[in-house]
> 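Pasting a structure below so you can have a look.
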Amino acid sequence: MSRFLKDSIKKLESYTPGEQPQDKKYIKLNTNESPFPPSPEVVNAITTAEVRDLRLYCDPECKKLRAALAKRYNVESENVFLSNGSDDILNFSFFAYGEKGVAFADITYGFYSVFADLYNLETTVIPLKSDFTIDCNAFCNQNKLVVIANPNAPTGIELPLEEIEKIIVSNPESIVLIDEAYVDFGGKSCVELTKKYKNLLCVGTFSKSRSMAGARLGFAIADRELIADLEKIKYSTNPYNINRLTQVAGVAAIESDSYYINNCKTIIENRDYTETELKKLGFTVLKSKANFIFAKSDIIGGKELYEKLKENGVLIRHFEKTRIKDFNRITIGSREEMGIFISKVKEILGENL
Ligand SMILES: *Cc1c(COP(=O)(O)O)cnc(C)c1O
């Protein structure tokens, strides 16, 4: 760091993304990417002509893509905001709505605390219950920005919509942000509730279920006044936030939605397979509605299993946090990948018996 950087940023602890190692080819079950490529329609949409048009600025209003998403989610274009990955919407929301402080769970997406620190927000950390579910009552009457990943990460556990509604109703003077990065893998979306509640911001991404992590495309659905807030920040920072190719790919992805719905079904089947096999090996597996599972073994520590799998060419995600250090988060990949994962785990456990 240089001596020119302001102190508040110098001491900031930034987010650590999952490893993207280049040294050898791993079976990558560590960053919740999709094992499937984008749909053939998306691949075909990136034509030479589109690439040649990169000399031109993109549409800052993203009209086509907003209209496509609005249709898909049964809302109006004015209810849709698009961003360079959904992390950007989180960023804008902490920036815009965190004045009275922010509340989130102790075990959740690691970026929330980074944004809270970045904007120096007063933070209320609400512990998950002992079964790792979200403590709905504790999130009620907070009267500050409430941020909940649903399904939660890295637990994969879903909070029922009725409980989300309770939280929204009990926090009428503040924004409730529901981060639905994993909702397509069996969860229930709160999009419909955005028509009823003006303080609900529902956030989604093309990174997980739509196989487009590298394209960087996130979206928010909310009352039009909230969308106008986000637009205001966008036009004050980076109006051309969605590049041309991503806009084209995004429209094609929405138009081929059945392809992704099918992929999600396959992931759910592979998740069931992985859960069953891990349980046979004595693992505790939390009930996941996401494209990953969170599991621990009594035979081997979380970190040791992570390290041994890495030596064996399989990457999973381990977190150092005390409460979850025995667990690992395992992304659900293809059936073949999960088969290899299970056989490697068996080998490693064999050594430890
Ligand atoms: C992956 C993820 C995101 C961010 O995804 P983008 O790639 O920035 O769209 C947001 N929230 C949670 C909980 C995630 O796991």
Side-chain angles (χ1 to χ4, degrees), residues 14-20 28-35 38 62 65 69 80-95 102 104-116 118 128 132 134 145-159 164 176-187 189-190 201-221 230 234 238 241-243 246-247 249-250 253-254 260 264 267 271 286 288-294 316-317 319 321 324 327-333:
S14 49
Y15 179 70
T16 317
E19 308 165 83
Q20 300 285 3
K28 261 190 102 274
L29 308 178
N30 69 327
T31 47
N32 298 343
E33 289 144 329
S34 173
C62 306
L65 182 50
L69 269 164
V80 179
F81 179 75
L82 295 169
S83 68
N84 194 290
S86 59
D87 288 335
D88 237 14
I89 297 171
L90 303 177
N91 180 15
F92 286 12
S93 303
F94 278 72
F95 178 54
V102 57
F104 48 81
D106 62 338
I107 308 296
T108 190
Y109 187 36
F111 227 139
Y112 302 155
S113 61
V114 176
F115 286 130
L118 176 64
L128 298 182
F132 290 100
I134 298 258
L145 173 63
V146 167
V147 181
I148 296 173
N150 192 41
N152 195 14
T155 62
I157 296 174
E158 182 184 29
L159 182 65
I164 289 183
V176 175
L177 187 158
I178 305 296
D179 180 349
E180 296 191 343
Y182 301 105
V183 78
D184 295 334
F185 303 99
S189 173
C190 66
L201 190 61
C202 178
V203 180
T205 178
F206 281 55
S207 294
K208 314 284 166 48
S209 60
R210 291 194 176 98
S211 304
M212 278 174 51
R216 313 304 303 129
L217 183 57
F219 60 97
I221 297 180
L230 298 174
K234 176 182 109 170
N238 183 10
N241 64 340
I242 316 290
N243 73 71
T246 296
Q247 289 194 32
I254 292 296
Y260 297 100
C264 290
I267 293 292
R271 182 178 74 204
L286 303 189
S288 172
K289 289 281 178 82
N291 66 339
F292 56 81
I293 50 179
F294 205 47
I316 58 174
R317 188 92 193 254
F319 300 90
K321 236 182 184 165
I324 52 171
F327 282 82
N328 283 298
R329 192 192 69 191
I330 302 133
T331 303
I332 304 300

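As the structure is a prediction and not an experimental result, all values here were calculated from the model. When a ligand or atom number is given, it counts from 1 through the structure's own listing order.
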> Quick one: which ligand 1 atoms are inside 4.0 Å of a heavy atom on Ala181?
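This gives 2 (C), 11 (N), 12 (C), 14 (C) as the contact atoms.
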> Would Phe111 and Phe94 count as a close aromatic pair, with their ring centres under 6.0 Å?
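No, the ring centres sit 6.0 Å or more apart.
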> Evaluate the side-chain proximity of Thr246 to Arg216: yes if any heavy-atom separation is below 4.5 Å, no if none is.
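No. Closest side-chain heavy atoms not under 4.5 Å.
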> Specify the protein heavy atom at minimum distance from atom 11 (N) of ligand 1: its residue, its atom name, and the distance to 0.1 Å.
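The closest heavy atom on the protein side is Asp179 OD2, 2.6 Å.
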> Look at atom 2 (C) of ligand 1 and say which protein heavy atom is nearest, naming residue and atom and giving the distance to 0.1 Å.
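Nearest protein contact, heavy atoms only, for atom 2 (C) of ligand 1 is Lys208 NZ, 2.5 Å.
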> To the nearest 0.1 Å, how far is atom 8 (O) of ligand 1 from its closest protein heavy atom, and which atom is that?
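The closest one turns out to be Arg216 NH2, 2.8 Å.
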> Just go through Thr108, Leu217, Asp87 and tell me whose heavy atom is the nearest to atom 4 (C) of ligand 1.
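Selected option, by shortest heavy-atom distance: Asp87.
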> Do Ser83 and Asp88 meet the criterion of a side-chain donor-acceptor pair at a distance under 3.5 Å?
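No - no donor-acceptor pair under 3.5 Å links their side chains.
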> Heavy atoms only, cut-off 4.0 Å: how does Ser86 contact ligand 1, side chain, backbone, both, or neither?
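Within the 4.0 Å criterion, Ser86 contacts ligand 1 through backbone and side-chain atoms alike.
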> If the cut-off is 4.0 Å to any non-hydrogen atom of Gly85, which atoms of ligand 1 fall inside it?
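Per the distance check, 8 (O), 9 (O).
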> Out of curiosity, is Tyr182 lining ligand 1, as in a heavy atom under 4.0 Å away?
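Tyr182: in contact with ligand 1 (<4.0 Å).
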> So which of Asp179, Leu159, Leu286, Leu128 actually passes side-chain contact (heavy atoms from CB on, under 4.5 Å) with Asn152?
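Checked Asp179, Leu159, Leu286, Leu128 against Asn152; only one passes side-chain contact (heavy atoms from CB on, under 4.5 Å): Leu128.
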> Below 4.0 angstrom from a heavy atom of Ser207, which ligand 1 atoms are there? Numbered from 1 as shown, please.
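By the 4.0 Å cutoff, the relevant atoms are 6 (P), 7 (O), 9 (O).
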> Centre-to-centre under 6.0 Å for Phe104 and Tyr109, is that the case here?
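Between Tyr109 and Phe104, which both carry aromatic rings, the centre distance is not below 6.0 Å.
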> Quick one, Leu82 and Asn241 - any side-chain contact, counting heavy atoms below 4.5 Å?
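Not touching, per the 4.5 Å side-chain cut-off.
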> Quick one: sort the Phe132 and Phe294 rings into parallel, tilted or perpendicular, breaks at 30° and 60°.
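Ring orientation of Phe132 relative to Phe294: perpendicular.
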> May I ask you to test the Ser86-Ser207 pair for a side-chain heavy-atom distance under 4.5 Å?
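Answer no - side chains too far apart.
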> Decide whether the shortest distance between a heavy atom of Asn32 and an atom of ligand 1 is less than 4.0 Å.
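For ligand 1, residue contact (heavy atoms, under 4.0 Å) with Asn32 is absent.
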> Decide whether an N or O pair under 3.5 Å exists between Tyr109 and ligand 1.
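It does not: no N or O of Tyr109 is found under 3.5 Å from an N or O of ligand 1.
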